[in-house]
*Asks:* 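Quick one: the structure is below, and I'll ask about it shortly.
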Amino acid sequence: MTITVTFPDGAQRQFPQNITGKDIAGGISPSLLKRTVAMAINGEVRDLADPISSDAKIEFLNREDPRSLELIRHDCAHVLAEAVQELWPGTQVTIGPVIENGFYYDFARETPFTPEDFPAIEKKMREIIARDAAFTKEEWSRDQAKDFFRAKGEAFKVELVDAIPPDQTLKMYKQGQWIDLCRGPHMTSVGKVGTAFKLMKVAGAYWRGDSNNPMLTRIYGTAFAKQEELDAYLHQLEEAEKRDHRRLGREMDLFHFQDEGPGTVFWHSKGWTMFQQLISYMRRRLRRDYEEVNAPQILDKSLWETSGHWGWYQENMFAVKSAYAFMNPQDPEADQKVFALKPMNCPGHVQLFKHGLKSYRDLPIRMAEFGVVHRYEASGALHGLMRVRGFTQDDAHIFCTEEQLEAECLKINDLMLSVYRDFGFDSLVVKLSTRPEKRVGSDEAWDRAEDIMTRVLAKIERESGGKIRTGINPGEGAFYGPKFEYTLRDAIGRDWQCGTTQVDFNLPERFGAFYIGADGEKKQPVMVHRAICGSMERFLGILIENYGGHFPLWLAPEQIVVCPITSEADAYAEEVVEACFAAGLRARADLRNEKISYKVREHSLAKVPVIFAVGKREAEEKTVTIRRLGSQAQETKSLVDALAALETEAIPPDQRR
RNA sequence: GCUGUUGUAGCUCAGUGGUAGAGCACUCCCUUGGUAAGGGAGAGGUCGAGAGUUCAAUCCUCUCCAACAGCACCA
């Protein structure tokens, strides 16, 4: 029995069935065998020692092949586990997968690791890699594996064996004396991991990602084929850190946080200017199709009981009473009424919809609010502007008929993409989140909503011309309905959900909202929740990182600083500032008794986009000498021309069209 | 919320069981200097909060608060 093997160059050869990749490579040349770390059979990466059972295309992968990177990292995770068990016998191993920029391994150990342990672990890892033991695979029975792990005291591994689906074989990989349950594949030997690896950080992580389970200690690491690639990656991390919005927020004097207000922002004048620019921009984008409203910040608990939030969202809500009632909870004379600080705008908007009788002719009603909401977020979840407890949503609710729903979802999508494009985000991820376990509403309602949204999602992907990736997040929907999530990526590679479109068949029913149909009958509207920036705070955080503080002129809090060279030009500098304001530009004079080079340095570090230097010459000729952020060039122009050019440059993107 | 780390001047950080230091920033004086730090003087801190151990705590112990890195949760 022979099989036909096709090589990448198209050549075909016959081999006996179940020949291994290793034998084929070795048969071609010893040097090929030496540099090959794994193979791809019909595009699927496999152990080189795997037998080939039928006709197939084969590719031999060397270390530098992009597909080998995962193997290097995965093998490195095994090396990490072996090193840890050699150094600290009795430490239990669990899982060690490859992740986006490296790998991790979770261990169960009484005393968690600290970064001080890293040098010792890395040294041991180098020893293990230098030993260059071969990876060999064995198939074991479940009982054999469980007995083995039980004898070693590896309770977590026993659990893992039980979790493997019955139709899958159980593979054990051996590297020298060390052996681990693993799906594979692996490279031919441990030495192929190389030396371009680094342990990055330690952290706690729940066993199997469930907060009810014990906390394990996780070691993160990364590995590359070459040292230069590792160095480049580490450098990139440093660069990303410089863009961190928390750092830039401090350096550029945009906002701060303090202990008394965890998760709530103190906006400084400059940050607030940007915030207002962003709101103004969004407001202009809504002018055509939406009506803007404003609903109360606190509403009686009973309203939240009706909406379902009190039941389903309580742990994330703030409740308020009068301070007297709070301090004297037993006093029958006190007003003990409980209000909730709104965590969402929707119940308020339903009240606005219900006020006055609505006709089918009024639909769709698109109701927008820059609504300030408060949510009690877990303390560990807070993260600068990205995750806060009080934030402003660019929220809107659309009340429409079921027939209008699809068109409305698409209209929202158009606006979303247009807004993101204005800020330079044109590749993004849209995901449909489906029904969670904890939910309200009938299964029929969920079926209908998910059905329509699945169609819309397909359309979004089709019409994006490949720029938008879509997917499904099963079980990730809100408790009241399925949703689309639009995700942008920050400078440090974290993904943040910004936009969201959520269909809600539930809230109108709970509040008894209706409109009068063409037939004169009461009909229940469909409600769509949608936000584009999501949280204005988060969106600004993402913009800060995306631009690295070098904002386009229209967003920059301080657009121009006018710096006199000597105090002789002070009066002219003030005149220039006035002219800037008359041109609608945000400007300030820096009249301090400092040298021009000192001022240039300071305002450059503060990332002011434009510096006007004015001396005796400029004052006499009514000119300004312009220096732009990021350039050392100087250009002298008449004040009138300079302002005209900047005025044009400072037009927001939506007003250029 | 969980695990770990951290908390000293506006910022970045030293430091010690006997009640604190540097650089930058700040104030004042000198300097009027043409594009990334001119010189001098001065002011500024209940050492995150509370309790305990001690003759004595910023330092040791405990509790709490906050931040950071993950996890879990989420806009």
Side-chain angles (χ1 to χ4, degrees), chain A residues 99 104 106 109 111-116 200-220 244 246-247 250-251 253 256-263 313 315-316 343-344 371 373 375-395 433 476 478 483 485-488 492 494 496-500 502 529 531-539 541-542 563-570 593-606 611-618 625-627 629 631-634 636:
Chain A
I99 52 173
Y104 66 79
D106 285 347
R109 183 180 175 231
T111 26
F113 299 103
T114 73
E116 278 87 69
M200 303 297 287
K201 52 195 170 194
V202 287
Y206 298 109
W207 167 237
R208 308 192 120 190
D210 186 335
S211 56
N212 298 313
N213 285 342
M215 175 82 51
L216 305 171
T217 159
R218 173 174 295 181
I219 297 181
Y220 285 90
D244 189 311
R246 294 165 298 185
R247 175 177 174 154
R250 187 178 60 240
E251 289 174 358
D253 192 19
H256 83 268
F257 291 90
Q258 57 188 58
D259 286 4
E260 295 85 347
Y313 205 67
E315 59 184 25
N316 285 292
M344 295 181 190
V373 296
R375 299 181 184 176
Y376 185 79
E377 298 291 346
S379 55
L382 303 178
H383 182 94
L385 295 177
M386 303 301 202
R387 192 80 181 271
V388 288
R389 285 184 175 162
F391 60 101
T392 311
Q393 291 184 308
D394 61 327
D395 206 1
S433 297
E476 302 270 306
K483 60 183 181 182
E485 291 182 346
Y486 292 71
T487 304
L488 304 178
I492 316 171
R494 291 173 163 114
W496 295 101
Q497 184 190 322
C498 291
T500 172
Q502 315 184 349
H529 315 249
I532 296 172
C533 300
S535 143
M536 302 309 275
E537 285 78 0
R538 171 182 295 183
F539 198 69
I542 292 170
C563 300
I565 310 262
T566 70
S567 54
E568 269 184 319
D570 282 3
N593 177 13
E594 296 292 350
K595 289 194 169 158
I596 187 67
S597 54
Y598 180 92
K599 293 180 185 176
V600 164
R601 175 183 149 83
E602 193 166 275
H603 301 307
S604 298
L605 288 173
I611 297 171
F612 282 173
V614 294
K616 206 170 165 188
R617 255 189 341 255
E618 286 82 359
T625 298
I626 307 161
R627 178 175 168 138
L629 181 61
S631 159
Q632 292 178 31
Q634 299 170 41
T636 304

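The sequence lines fix the lettering, A, B, ..., with proteins before strands; numbering per chain opens at 1. Note that these values count all heavy atoms, side chains included, but never hydrogens, waters or copies made by symmetry.
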*Asks:* When all nucleic acid strands are considered with a 4.0 Å heavy-atom cut-off, which category describes A:Cys498: base, sugar-phosphate, or nothing?
*Replies:*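 Counting heavy atoms under 4.0 Å across all strands, the contact made by A:Cys498 is with sugar-phosphate only.
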
*Asks:* According to the Watson-Crick and G-U wobble definition with distances under 3.5 Å, which dot-bracket string, read 5' to 3', encodes RNA chain B, using [ ] for crossing pairs and | for pairs with another strand?
*Replies:* (((((((..((((....[..)))).(((((.......))))).....(((((..]....))))))))))))....

*Asks:* Measure from the side chain of A:Tyr598, starting at C-beta and using heavy atoms only, and say which of B:A25, B:A36, B:A75 lies closest.
*Replies:* B:A25

*Asks:* Answer yes or no: does atom CD of A:Glu315 have more than 12 heavy-atom neighbours from other residues, nucleotides or ligands under 6.0 Å?
*Replies:* no

*Asks:* Whole-Å distance between B:G1 C1' and A:Asn213 CG?
*Replies:* 15 Å

*Asks:* Which nucleotide in the set B:A36, B:U3, B:A75 lies at the smallest distance from any side-chain heavy atom of A:Val600?
*Replies:*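 For A:Val600, the side-chain atoms sit closest to B:A36.
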
*Asks:* For A:Tyr376, report the nucleic acid contact type (base, sugar-phosphate, nothing); a contact means any heavy atom under 4.0 Å.
*Replies:*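 Contact class for A:Tyr376: sugar-phosphate only.
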
*Asks:* State which of B:A72, B:G70, B:C74 makes the closest approach to the side chain of A:Lys201.
*Replies:*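 Nucleotide nearest to A:Lys201's side chain: B:G70.
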
*Asks:* Give a yes or no on whether a donor-acceptor pair under 3.5 Å exists between the nucleobase atoms of B:A69, that is its base, and the side chain of A:Arg218.
*Replies:* no

*Asks:* Categorize A:Tyr220 for me: base, sugar-phosphate, or nothing, with a 4.0 angstrom heavy-atom threshold over every strand shown.
*Replies:* sugar-phosphate

*Asks:* Side-chain N or O of A:Arg387 less than 4.0 angstrom from OP1 or OP2 on B:C68?
*Replies:* no

*Asks:* Out of B:C11, B:A75, B:G4, which has the shortest distance to the side chain of A:Arg250?
*Replies:* B:C11

*Asks:* Choosing from B:A37, B:C74, B:C2, which nucleotide comes nearest the side chain of A:Tyr206?
*Replies:*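 Looking only at side-chain atoms, A:Tyr206 lies closest to B:C2.
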
*Asks:* Hey, does the side chain of A:Gln497 come within less than 4.0 Å of B:A75's phosphate (OP1/OP2), counting only N and O?
*Replies:*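 Checking A:Gln497 against B:A75: at least one side-chain N or O falls below 4.0 Å of OP1 or OP2.
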
*Asks:* Any base atoms under 4.0 Å from A:Ala381, or only sugar-phosphate, or nothing? Heavy atoms, all strands.
*Replies:* base

*Asks:* Establish, yes or no, whether the cationic atom of A:Arg538 lies under 6.0 Å from the six-membered ring centre of A:Phe391 and within 45° of the ring axis.
*Replies:*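 Not flagged: A:Arg538 not positioned over aromatic ring of A:Phe391.
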
*Asks:* A side-chain contact here means heavy atoms from C-beta on lying under 4.5 Å apart; do A:Leu488 and A:Phe539 qualify?
*Replies:*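 In contact.
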
*Asks:* Look at all strands and tell whether A:Val373 reaches a base, only sugar-phosphate, or nothing, counting heavy atoms closer than 4.0 Å.
*Replies:*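 Contact class for A:Val373: none.
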
*Asks:* Between atom CE in A:Met215 and atom C1' in B:C73, what is the gap in whole Å?
*Replies:* 13 Å

*Asks:* Would A:Phe257 and A:Arg246 satisfy side chain to side chain contact (heavy atoms under 4.5 Å, CB included), going step by step from the backbone distance to the final call?
*Replies:* CA-CA 10 Å; A:Phe257 291 90; A:Arg246 294 165 298 185; 5.7 Å; no

*Asks:* Each nucleotide N or O in nucleotides 64-66 of chain B that has a protein N or O under 3.5 Å away: list the pair and distance.
*Replies:*
from  : atom 1 : to       : atom 2 : distance (Å)
B:A66 : O2'    : A:Asp259 : OD1    : 2.7

*Asks:* So if I take every side-chain heavy atom of A:Ala378 and compare against B:A75, B:G1, B:C71, which nucleotide ends up nearest?
*Replies:*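 Side chain of A:Ala378 sits closest to B:G1.
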
*Asks:* Just checking A:Gly499: base, sugar-phosphate only, or nothing, at a heavy-atom cut-off of under 4.0 Å?
*Replies:* nothing

*Asks:* What does the list of N/O pairs under 3.5 Å between the protein and nucleotides 32-34 of chain B look like, with a distance for each?
*Replies:*
from  : atom 1 : to       : atom 2 : distance (Å)
B:U32 : O2     : A:Ser567 : N      : 2.7
B:U32 : O2     : A:Ser567 : OG     : 3.2
B:U32 : N3     : A:Ser567 : OG     : 2.8
B:G33 : N7     : A:Ile565 : O      : 2.4
B:G33 : N1     : A:Asn593 : OD1    : 3.0
B:G33 : N2     : A:Asn593 : OD1    : 3.2
B:G34 : N1     : A:Glu618 : OE1    : 2.8
B:G34 : N1     : A:Glu618 : OE2    : 3.1
B:G34 : N2     : A:Glu618 : OE2    : 2.4
B:G34 : N2     : A:Thr625 : OG1    : 3.3

*Asks:* Is the phosphate of B:C74, meaning OP1 or OP2, less than 4.0 Å from a side-chain N or O of A:His383?
*Replies:* no

